[in-house]
Amino acid sequence: MENFAFAPAYELPVWPFTPPPELGSTKPARHPIVIVGAGPSGLTLACDLAQRGVRAVLLDEDDTVGVRGASSRGICYAQKSLEIFERLGIYERIAAKGITWSFGRTFSGEHEVYNFNLQANSVSKQPPFINLQQFYVEWFLVERILELGLTDLRWKNRVTRVEQLADGVRLEVETPAGSYTIEADRLIDATGANSPIRTQLGIDAHSSRSTDRWCISDVRFRKPLPTERWTWVDAPFNEGRGVWQHLMADGVWRIDYQMPEDCDTAYISKPEVAGARLREQLGPDVEFEFVWIGPYGYRDHLLDSFRHGRVFFIGDAAHVVSPFGARGGNSGIQDAANLGWKLALVAQGKAGDALLDSYDAERQPAAKQNLQVTSRSARFLAPRSPAEHTLRRAVVALAARHPFARALVNTGRMSVANGYPPAPLLPEGARSVQNLPLRLADGRETTLMQLLAEGTECIGLWFAPTRQQAGAALDAIASLPLRLLAVGGDSSLPTLQADEKLANHLGAGDAGSFVLVRPDAYRAALLPNATPEAIATAVRTALAANERNP
Ligand SMILES: O=C(O)CCc1cccc(O)c1
């Protein structure tokens, strides 16, 4: 039997266990914020809070990043996540290590039946996507958190019991040096899909499991292929089933093959069987080494509510979707960015507790939308009835000849920054604002993310206000977390140069119009003819603040 080469396993960092101060104490210590789970969403939240000067305790049962013995889970980081990483100070490392792409092609048999270019609608400094093994992202986040120095990161701390109190949450934690109890004003569950916290609190995740089966080969080979997302609905080299192809860092290709539903998972992941699949695809002479081979099936779940009293669920603990479109990991990172600034403002007494309710009001519908979109892709890839099979055959046949049918070919709709529906704090709903390059009146360059990284406040962009309006507005917003900037005009405010791209992207631009951008880069309000009072009201509404609070 032929032997196939395996690359040496990745050497991932290990951080030391330090006995926590609570060990041996009889009175549980109280912390304002405890996060459980140092995966992408928990780490993003801890980093976001630290960047805002907010302390948190982060507990993780392991002492490293990634999934031991397995390969990378998430591989595609979407623009909104990259913009968040830019604000958190790790984007440059991600861009230097990862693979930037924006173009996708979908094939049926030998024919290209659909393609997209995500750069077409972008005005951001960040690209539409970067592919990178998830453990690198986690690694960069841990190092940034350690650099910021405000997070009490406790490795080898496993939560064994959770109890909701009237004014907080009590946790029992097991460590190599013994067990201890701590209390939190607010607990964030970032423990992932199999959340033990969710189970302990008796919260139903409405889980369902697909019968569709896939097998990943992470592999290095020397064959120049474009750094694009390629998918096959029905690949001739995979017995007419689906295939995914992405390049990640270190020259590792993720090639993911759809398998028969009733396949023997041990058999399909044997190196000689996976090797035969690769040769079928890339030619009999292709030289390669495996990094990892792994069969998987996917499932989904969605909590009805992402807030239960003092406990908040983020990332996979709150929602799991099938992988098509990379909506899982990205939406966890965006959950964290949604919650971070809200926790910070509430902790600082600058916003009311209702702002924390808006986390659920915004991120639960976003997750629901992601679930709907990914479920449609999953059904296109694994039709469940004769009618669905017939429809798919018709779409693919038509797409080869007719442009109108191409958009119906569905191998995943890539992750987007979900808009938020109208709600009490967002009367018009909200949509994401990309990381636009900006120029200050004195010619210095900046970006929206750079401005947002400078503090936990909203940014008000006021197009050409008068001096008198500007002065009155500064009085009206004096106690509010708002950084007021003029766009063009001759007011006394710090001013950005007028720019058509900026105006078009914000959907404003007439003299006197005003756009309120939240700390998570969402447009929370658009006032066509702003007055100082209307601006102050818009900020108070968006932050659930009133005259007493702040
Ligand atoms: O390209 C995508 O849709 C996201 C990444 C992905 C999706 C499905 C399988 C897989 O291995 C990667």
Side-chain angles (χ1 to χ4, degrees), residues 40 66-67 70-82 98-107 112-118 127-137 193 210 212-219 225-235 238 241-249 252-259 265 268-269 274 277-278 281 290-300 316 319-334 370-382 407 409-416:
V67 190
S71 189
S72 174
R73 281 211 183 125
I75 61 167
C76 304
Y77 294 89
Q79 186 171 75
K80 182 75 184 176
S81 305
L82 298 172
I99 303 293
T100 297
W101 65 272
S102 57
F103 205 79
R105 296 182 193 278
T106 297
F107 303 89
E112 185 174 323
V113 287
Y114 175 64
N115 64 47
F116 59 79
N117 181 3
L118 298 170
F129 270 92
I130 291 184
N131 286 358
L132 185 60
Q133 289 86 331
Q134 182 175 314
F135 55 79
Y136 279 125
V137 175
S210 164
D212 195 13
R213 289 288 168 273
W214 292 72
C215 187
I216 288 173
S217 290
D218 283 347
V219 64
L225 289 173
T227 53
E228 299 173 345
R229 172 191 190 258
W230 282 13
T231 62
W232 283 260
V233 179
D234 44 13
N238 189 34
R241 284 186 288 273
V243 175
W244 249 246
Q245 183 178 295
H246 275 286
L247 180 60
M248 304 182 277
V252 179
W253 288 87
R254 156 90 26 119
I255 311 199
D256 198 353
Y257 300 90
Q258 192 176 31
M259 294 282 114
T265 51
I268 58 160
S269 43
R277 274 198 300 269
L278 272 168
Q281 175 177 359
F290 284 118
V291 174
W292 187 73
I293 307 170
Y296 73 97
Y298 50 85
R299 66 186 225 201
D300 52 55
D316 285 359
H319 48 78
V320 169
V321 294
S322 59
F324 316 113
R327 287 173 179 250
N330 283 294
S331 95
I333 289 160
Q334 291 162 42
N370 288 334
L371 180 58
Q372 278 163 356
V373 172
T374 51
S375 298
R376 251 180 258 137
S377 308
R379 286 189 80 147
F380 188 83
L381 290 161
V409 176
N410 186 351
T411 62
R413 303 285 179 238
M414 298 311 295
S415 170
V416 291

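Remember, predicted model here, so these are calculated numbers, not experimental data. Just so you know, ligand 1 is whichever comes first in the structure, and atom 1 is the first atom listed for that ligand.
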Assess whether side chain to side chain contact (heavy atoms under 4.5 Å, CB included) is satisfied between I255 and R277, documenting all intermediate values.
CA-CA 10 Å; I255 311 199; R277 274 198 300 269; over 6 Å; no

Would W253 and L225 satisfy side chain to side chain contact (heavy atoms under 4.5 Å, CB included), going step by step from the backbone distance to the final call?
CA-CA 10 Å; W253 288 87; L225 289 173; 3.5 Å; yes

Element-labelled atoms of ligand 1 that are located less than 4.0 Å from some non-hydrogen atom of R254:
11 (O)

Checking contacts here: is it the side chain or the backbone of Y296 that comes within 4.0 Å of ligand 1, counting heavy atoms only? Could be both or neither.
side chain

For G325, the ligand 1 atoms whose distance to one of its heavy atoms is below 4.0 Å:
2 (C), 3 (O), 4 (C)

Which atoms of ligand 1 have any heavy atom of P323 under 4.0 Å away?
4 (C), 7 (C), 8 (C)

Does N330 form a side chain to side chain contact (heavy atoms under 4.5 Å, CB included) with M414? I'd like the steps, not just the answer.
CA-CA 10 Å; N330 283 294; M414 298 311 295; over 6 Å; no

Any sub-3.5 Å donor-acceptor pair from N131's side-chain atoms to I99's backbone N or O?
no

Atoms of ligand 1 close to A326 [distance to a heavy atom under 4.0 angstrom, numbered from 1]
4 (C)

Under 3.5 Å between some N or O of ligand 1 and some N or O of M414?
no

Can you say whether the rings of W232 and W230 are parallel (under 30°), tilted (30 to 60°) or perpendicular (over 60°)?
perpendicular

Using only heavy-atom distances, determine whether the side chains of D212 and Q258 contain a donor-acceptor pair under 3.5 Å.
yes

Quick test: of every protein heavy atom, which one is nearest to atom 11 (O) of ligand 1, and how far off is it to 0.1 Å?
D256 OD2, 2.6 Å

Below 4.0 angstrom from a heavy atom of H246, which ligand 1 atoms are there? Numbered from 1 as shown, please.
1 (O), 2 (C), 5 (C)

Can you check whether W244 has an N/O within less than 3.5 Å of an N/O in ligand 1?
yes

Which of the ligand 1 atoms, numbered from 1, are nearer than 4.0 Å to a heavy atom of F324:
3 (O), 8 (C)

Specify whether W214 and Y296 have parallel, tilted or perpendicular ring planes, treating 30° as the upper limit for parallel and 60° as the lower limit for perpendicular.
parallel

